[in-house]
Engineer: 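Could you have a look at this structure, given as structure tokens, before my questions?
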2 protein chains.
Amino acid sequence: MTRMVGRGRNAAMPRSADVARVAGVSQKTVSRVFNDEPYVSADVRRRVLAAAEELGYRMNHAARALASGRTRSIGVVTLGTALYGPASLLMGVERAVRDAGYALRVVNTVEGDPAGVTGAVESLIEQGVDGIVISEPIDEGAAAVRVDVPVLVLGAPPAFAAPQVLTVGVAADALARAATEHLLALGHATVHHLAGPQRWYAARDRLDGWRSALRAHGRAEPPVVEGDWSAVSGYEAGRKLAADRDVTAVFAANDDMAVGLIRALLEAGRRVPEDVSVVGFDDIPLAAYVTPPLTTVRQPFDAVAQEGLKLLVQAIEKPDADPPPAVDPPVELIVRTSTAPPTGR
Amino acid sequence: MTRMVGRGRNAAMPRSADVARVAGVSQKTVSRVFNDEPYVSADVRRRVLAAAEELGYRMNHAARALASGRTRSIGVVTLGTALYGPASLLMGVERAVRDAGYALRVVNTVEGDPAGVTGAVESLIEQGVDGIVISEPIDEGAAAVRVDVPVLVLGAPPAFAAPQVLTVGVAADALARAATEHLLALGHATVHHLAGPQRWYAARDRLDGWRSALRAHGRAEPPVVEGDWSAVSGYEAGRKLAADRDVTAVFAANDDMAVGLIRALLEAGRRVPEDVSVVGFDDIPLAAYVTPPLTTVRQPFDAVAQEGLKLLVQAIEKPDADPPPAVDPPVELIVRTSTAPPTGR
DNA sequence: GTGAAAGCGCTAACAC
DNA sequence: GTGTTAGCGCTTTCAC
């Protein structure tokens, strides 16, 4: 079946008034039907729907947005990267937005762009959105924008002046703590940390979780090595770490770096897990299939996106209701074979 | 600095008429300035800009879209997956769309959704977009929609009735052919293929490339094993393939499956590359760091996205001009250590 | 070069 | 339950 769809000045698209004429009702009644408003008799509703179907009517969202001041769309600001974490979060957000009956607008921020998140948010506001999701932002200094739509920040402290700034943590510190404690429980004297870039809040949270685990157990805190999330940076860090015979356990801030790290370790003749245990973070789909299969911590991306969007949509639609209490997703440590007790050497 | 931005019925946002009053010009002149129309004196332009700045004016895109019938936005239809290929393409598209001065709307199609791509396209049209990008679609049968905006299809045959359907191939068949020929050149009698799900055009193209290489060299065409892009499916395929001692070289349709395959091979006691050579597809960032480092073929995602968007934007803005000839991005085979000549056994 | 008037296709507010 | 009347903030058309 071939249906005609389209939009544009001369495109002879039927409008609600045309539907009204065919159905023999007023234009406003057509509007009522398409907005599921009450007080429309079942009979009228049926006639309107039939007429709309017959004409191939589709509502013009621009006109609706102009008249109502609402767009039924949500904007998301992401880092423009195909990294597993941010990409998964984006897919989760898309799904949750669609399920809530909203449209999605996406703006990426570019690393090093002076406008950064602030510019991205302004461009979304200009486009017209009812709410904004900021996904895993990096710290760009105090670049506050006053926005009058609700803002949901995923994986960072609230940093925007908005009527409602909602935050859903990825519970990264708890997850990082669990990873570190797993290594400690195995009998390692201490745990080294291959951190993510500290401009990312997500990276800081993981570092905090690692540090708090070490402190809680009264262990020495070795110097932190910082990577940039990439396997290359993990590899480079691994070359340094491999030279240090005191290193028996490393917690990497993501799986990509963990894989690079392991490669460097192996090339330096240090076996994993016999000589050095490694735990990653994210549970990328490949984690179970690299050599050795990677012990890691699963990030509940979908749950975070869903949970967050529930808050955001409520803030948009019922601004006065109290936000429901946030439910922290469960910590999931996936133990595979890249970790083992230290072998006395 | 805290700037007030926002939109909405009661939000006391300044409009172009306010700017006009402050600048002492007509509302239409403000419109001219913001649309970079000619015939505005430099002096007037400066005054308008100053007034806008003073009031914190931002144009209302919904009103513009309603009046002009154009939205300056582009919609993209993607599969909702964080797989490296689709995710990279999406990021490339976002960047290219932003560079062209358009906004981006995203709709995912869900596997198994009856509406599928057709429904996604209709929802974009309804939202109002000036052009549509369909990224790596799967074959859903003939579900044609007549759309009156230009459509760009990335990585599949044109399948939509639209004023302009543009296609930019990922040249997947040429790339797959190069991968296969690399293995043949190494001295392997033939090459097995671990294919992607055949509903994806991208998977079919790779299979075609593999097949044509085999035919061109007069080699036997072994039965195809089909996976679903995931490492798990590669692993399962690997268990079957490992049992067959005739298998000395495998071309996997993506890197994730290649990694799963290698793991299965190793577990079955077959060494890579000594007993079996493996080449992947995509060059995921991890490819150089897995064990053994993966020989693979690099997909030029950014180039494809940029190239495609150039076509699309031209089709939107200058519908009558001839589309510039498509430039095929170069084939890049990355040889690492998962491939080697067969060892006579 | 600039301005006045008339919509774009909807929703809001209120009448009936 | 349903219709009427005004806009929403821009662009278009055409006059000057």
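Chain identifiers are assigned alphabetically (A, B, ...) following the order of the sequence lines, protein sequences preceding nucleic acid strands; residue numbering begins at 1 within each chain.
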Engineer: Compare the minimum distances between each of C:dT2, D:dT2, D:dT12 and the side chain of B:V44, then state the nucleotide with the smallest one.
Structural biologist: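 From the listed options, C:dT2 comes nearest.
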Engineer: Just the rounded figure in Å: distance from C1' of D:dC10 to CZ of A:R64.
Structural biologist: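 Distance, rounded to whole Å: 19 Å.
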Engineer: When rounded to the nearest 0.5 angstrom, what is the spacing between CD1 in A:I316 and CG in A:L152?
Structural biologist: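 The distance works out to 9.5 Å.
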Engineer: With sequence neighbours left out, what residues match A:R21 under salt bridge (Lys or Arg N to Asp or Glu O under 4.0 Å)?
Structural biologist: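 By the salt bridge (Lys or Arg N to Asp or Glu O under 4.0 Å) rule, A:R21 matches A:D18.
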Engineer: Taking only side-chain N and O atoms of B:S16, does any of them lie within less than 4.0 angstrom of OP1 or OP2 on D:dG9?
Structural biologist: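 Answer is no, no contact under 4.0 Å.
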Engineer: Nearest heavy atom decides the nucleotide; on that basis, is B:S41 or A:N35 closer to the 5' end of DNA chain C?
Structural biologist: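 On the 5' side of the pair lies B:S41.
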Engineer: So how far is it from B:L104 CG to B:R95 CZ, rounded to the nearest 0.5 Å?
Structural biologist: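 Atom-to-atom, B:L104:CG and B:R95:CZ are 13.0 Å apart.
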Engineer: Quick one: on DNA chain C, does A:R15 or A:R32 contact a more 5' nucleotide (nearest heavy atom)?
Structural biologist: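 Result: A:R15.
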Engineer: Considering non-hydrogen atoms only, spot the tightest contact between B:V22 and B:A51 and give its length.
Structural biologist: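 So the minimum-distance heavy-atom pair works out to CG1-CB, 3.6 Å.
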Engineer: Rounded to whole angstrom units, what separation is found between the CG atom of A:D43 and the P atom of D:dG1?
Structural biologist: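 Rounding to the nearest Å, CG of A:D43 and P of D:dG1 are 13 Å apart.
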Engineer: With a 4.5 Å cut-off on side-chain heavy atoms, are B:S16 and B:Y57 touching?
Structural biologist: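 With C-beta onward as the side chain, the pair touches.
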Engineer: Report the distance from atom NE2 of A:H61 to atom P of D:dG9, rounded to the nearest whole Å.
Structural biologist: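 Checked: the NE2 to P distance equals 20 Å.
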Engineer: How long is the line joining CZ of B:F34 and P of D:dT12, in whole Å?
Structural biologist: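 Checked: the CZ to P distance equals 17 Å.
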Engineer: Using whole Å, report how far CG of B:N60 lies from C1' of D:dG9.
Structural biologist: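 Nearest whole value for this atom pair: 6 Å.
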Engineer: Using a 6.0 Å cut-off, check whether atom CZ of B:R70 has over 12 heavy atoms from anything other than its own residue.
Structural biologist: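 Yes, the 6.0 Å shell around CZ holds more than 12 heavy atoms from other groups.
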Engineer: For B:M13 and D:dC8, what is the distance between atoms CE and C1' respectively, to the nearest whole Å?
Structural biologist: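 Nearest whole value for this atom pair: 14 Å.
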Engineer: Looking at B:R199 and B:D139, is there a salt bridge between them, counting it only when a charged N and a carboxylate O are closer than 4.0 Å?
Structural biologist: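 Result for this pair is no, no salt bridge flagged.
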Engineer: Side chain of A:L66, heavy atoms from C-beta onward: which of D:dC10, C:dG9, C:dC10 has the nearest atom to it?
Structural biologist: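 Looking only at heavy atoms from C-beta outward on A:L66, the closest nucleotide is C:dG9.
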Engineer: Expressed as a whole number of angstroms, how long is the span from A:R70:CZ to C:dG9:P?
Structural biologist: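 Rounding to the nearest Å, CZ of A:R70 and P of C:dG9 are 23 Å apart.
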Engineer: Measure from CZ on B:R58 to P on D:dC8 and round the result to the nearest Å.
Structural biologist: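 Between P of D:dC8 and CZ of B:R58: 21 Å.
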Engineer: Does a side-chain N or O from B:S31 land closer than 4.0 Å to OP1 or OP2 of D:dT11, or not?
Structural biologist: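 For D:dT11, OP1/OP2 do have a side-chain N/O of B:S31 under 4.0 Å.
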Engineer: Counting heavy atoms from C-beta on, name the nucleotide in C:dT2, D:dT2, D:dC10 closest to the side chain of A:Y39.
Structural biologist: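 Shortest atom-to-atom distance from the side chain points to D:dT2.
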Engineer: Does anything in residues 17-30 of chain B come within less than 4.0 Å of DNA chain D? Heavy atoms only, and list the residues if so.
Structural biologist: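 By residue number: B:Q27, B:K28.
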Engineer: Looking across every strand, which nucleic acid part, if any, lies under 4.0 Å from B:Y57 by heavy atom: base, sugar-phosphate, or nothing?
Structural biologist: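 Here B:Y57 touches the backbone only, sparing every base.
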